Protein chains: 2
Amino acid sequence: MSQRKRRVDPNQPIVLPNDASEEAYLIQRGWACVYKLLPDGSRQVLSFSLPGDIVGLPGLSLEGASPFWFESLTEVEISSISSATLFRGLASEPAVARAMQWSVALESAILIERLISLGRRSALVRTAHFILELATRLSLIGEDTRRGFDCPVNQYWLADALGLTAIHLNRVLRELREAHLLTMRSGHVEIHNFEGLRELAAFDADYLTPPKRRH
Amino acid sequence: MSQRKRRVDPNQPIVLPNDASEEAYLIQRGWACVYKLLPDGSRQVLSFSLPGDIVGLPGLSLEGASPFWFESLTEVEISSISSATLFRGLASEPAVARAMQWSVALESAILIERLISLGRRSALVRTAHFILELATRLSLIGEDTRRGFDCPVNQYWLADALGLTAIHLNRVLRELREAHLLTMRSGHVEIHNFEGLRELAAFDADYLTPPKRRH
DNA sequence: CGAAACATTGACACGCTTCAACAGTGGTGG
DNA sequence: CCACCACTGTTGAAGCGTGTCAATGTTTCG
């Protein structure tokens, strides 16, 4: 269904706030992120988008401008899907409809879990939980992440996703390193003790796993 | 489309975690809320549900148990819609599909705004912002909330929605009261200075307002 | 080689939590 | 009708987690 396919350099805006573009984007390669800039200059990252993710779905029905930035972190390949073709496919192809529903449900589940993290988990637990979420999402698209994974997110971006300052996140990462749980440096996360992390974060991957078809 | 209509007493669970009920709920009267209980006993409120809200939509396509509580705050009237009839209506009635999309988009927008609050706004601003959100949502369903509104949410619930302790929220509410912005007591919010609040919270209601149909 | 981006550290300040206690309020039963 | 109790709201004091400010080290890349 995808239409225009595009390659984007690292750290390039893809959609600017108040663009009224009526399309969704499918990430095919690379990492991107969606964030909001507040009046005081601070930044809240809403989501990191990985290959296979669809960005902008729930916003489509608003047919208006979104107040968020959508930006590449690495070199990225994306295809855009116009709202019109999407709705057509949604009506005619049940498989497409199911995929869309799953995509929206997953996005919402991830959002909810971060809300819980920001509201009720300490910086340490929150950080561990988020790394495990990334590891799990990557493993769902075929990467083996048990011992680590490439993660092109610097400490500023990560801090802005976790509601922390980069400085404090740095201390948290040191703590995780000194506890022999994980090391994050120069674009790579090394997981030293997966089980220990899972326990620290009370991480349960259920919210990320696609529904098993029953009957 | 609604099927069974039900009346529920205040403070009664409606859906328990790990119930695998395949239906969504339309609130017709009263307030309810969705929350998660963490292993350490703390609680994060995910949403307060007001009349007209639909609860459980994105979760439907997961066809599995949700890990959340759904509970009444006041006496509540709800009707349930089974996933089957919902999908049928969705396929045959474009108006239904649009309404669902709007409902999902709104829910997601509210979630995102709270994520931003928890991540990047102080307790004072966060609280003011949330009260204004409630006021705006109520005004969209016909209540005049400029000078205040009934709000059957005690300080414990509100604190658990805002990621604060009830004790600190109490101090924040005192601060708002002493700044002549709002008073919250015994189930009622009195707004003394709407503009002042809006300025303090940098509140922009756009994210809550339904899309204007163009042309 | 130099410059910019990113990571790290220390000292200190502040916002929010914790713990403990008490006051107000409404509902219930004796 | 009043005593009692549960629930909710309020306050103070102290401690801790996170933020702020300022500086330095490290890596990357032109």
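Predicted model only: the values in this text are computed from it and were never measured. Both backbone and side-chain heavy atoms feed into the values below; hydrogens, waters and symmetry mates do not. Within every chain, numbering begins at 1; the chains are lettered A, B, ... in the order of the sequence lines, protein sequences first and strands thereafter.
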What integer distance in Å separates [X]:[atom1] from [N]:[atom2]?
{"X": "L162(B)", "N": "dG15(C)", "atom1": "CG", "atom2": "C1'", "value": "15 Å"}
{"X": "L169(A)", "N": "dG17(D)", "atom1": "CG", "atom2": "C1'", "value": "14 Å"}
{"X": "M184(B)", "N": "dT8(D)", "atom1": "CE", "atom2": "C1'", "value": "12 Å"}
{"X": "D40(B)", "N": "dT18(C)", "atom1": "CG", "atom2": "P", "value": "9 Å"}
{"X": "R185(B)", "N": "dT10(D)", "atom1": "CZ", "atom2": "P", "value": "10 Å"}
{"X": "E175(A)", "N": "dC16(D)", "atom1": "CD", "atom2": "C1'", "value": "13 Å"}
{"X": "Y156(A)", "N": "dT20(D)", "atom1": "OH", "atom2": "C1'", "value": "14 Å"}
{"X": "H168(B)", "N": "dT17(C)", "atom1": "NE2", "atom2": "P", "value": "6 Å"}

Among W31(B), F48(B), Y35(B), ring pair (Phe, Tyr, Trp, His ring centres under 6.0 Å) partner for W157(B): Y35(B)
Please enumerate all residues that pass side-chain contact (heavy atoms from CB on, under 4.5 Å) together with D144(B), with sequence neighbours excluded. R146(B)
List for me each residue that meets side-chain contact (heavy atoms from CB on, under 4.5 Å) alongside A166(B), sequence neighbours excluded, and say none if there are none. Y156(B), A159(B)
If the sugar-phosphate is the primed atoms plus P, OP1 and OP2 and the base is the rest, what is the B/S/- string for nucleotides 23-28 of chain C, using protein heavy atoms under 4.0 Å? ------
Residues forming a side chain to side chain donor-acceptor pair (under 3.5 Å) with [X], sequence neighbours excluded:
{"X": "E75(A)", "result": "R7(A), R29(A)"}
{"X": "S82(B)", "result": "T85(B)"}
{"X": "R126(B)", "result": "none"}
{"X": "E195(B)", "result": "R198(B)"}

When we call it a touch if two heavy atoms are under 4.0 Å apart, what does G187(A) touch: a base, just sugar-phosphate, or nothing? nothing
Validation row: L132(B), F194(B) side chains within 4.5 angstrom (heavy atoms): yes
Do I116(B) and R121(B) have side chains that get closer than 4.5 Å, going by heavy atoms? yes
Name the pairs: protein N/O against N/O of nucleotides 12-14 of chain D, kept only if under 3.5 Å.
| unit_1 | atom_1 | unit_2 | atom_2 | d |
| --- | --- | --- | --- | --- |
| dG12(D) | N7 | R171(B) | NH1 | 3.3 |
| dA13(D) | N6 | R171(B) | NH2 | 3.2 |

Straight-line distance of S117(A) OG to E133(A) CD, nearest 0.5 Å: 8.0 Å
Selected nucleotide, minimal atom distance to N154(A) side chain, candidates dG19(D), dT17(C), dA7(C): dA7(C)
Among dT10(D), dT8(D), dT18(C), the one nearest any side-chain atom of N170(B) is dT10(D)
Hey, which of these two, L164(B) or R177(A), hits DNA chain C nearer its 5' end, going by closest nucleotide? R177(A)
Pairs involving residues 163-174 of chain B, ordered by first then second residue, that meet salt bridge (Lys or Arg N to Asp or Glu O under 4.0 Å) (sequence neighbours left out): none
DNA chain C-proximal residues of residues 114-129 of chain A, any heavy atom under 4.0 Å: none
Using a strict 4.0 Å threshold on nitrogen-to-oxygen distance, state whether D40(A) and R120(B) make a salt bridge. no
Show every ring-ring contact (aromatic ring centres under 6.0 Å, His included) that has at least one partner inside residues 160-191 of chain A, sequence neighbours left out. none
For T136(B) and A205(B) the tightest heavy-atom approach is CG2-CB, 3.9 Å
Under-4.0 Å side-chain N/O to phosphate OP1/OP2 contact, Q155(A) with dA5(C): no
Computed from five pairs at either end and rounded to 10 degrees, the angle between the axes of the helix from dC1(C)-dG30(D) to dG30(C)-dC1(D) is 40°
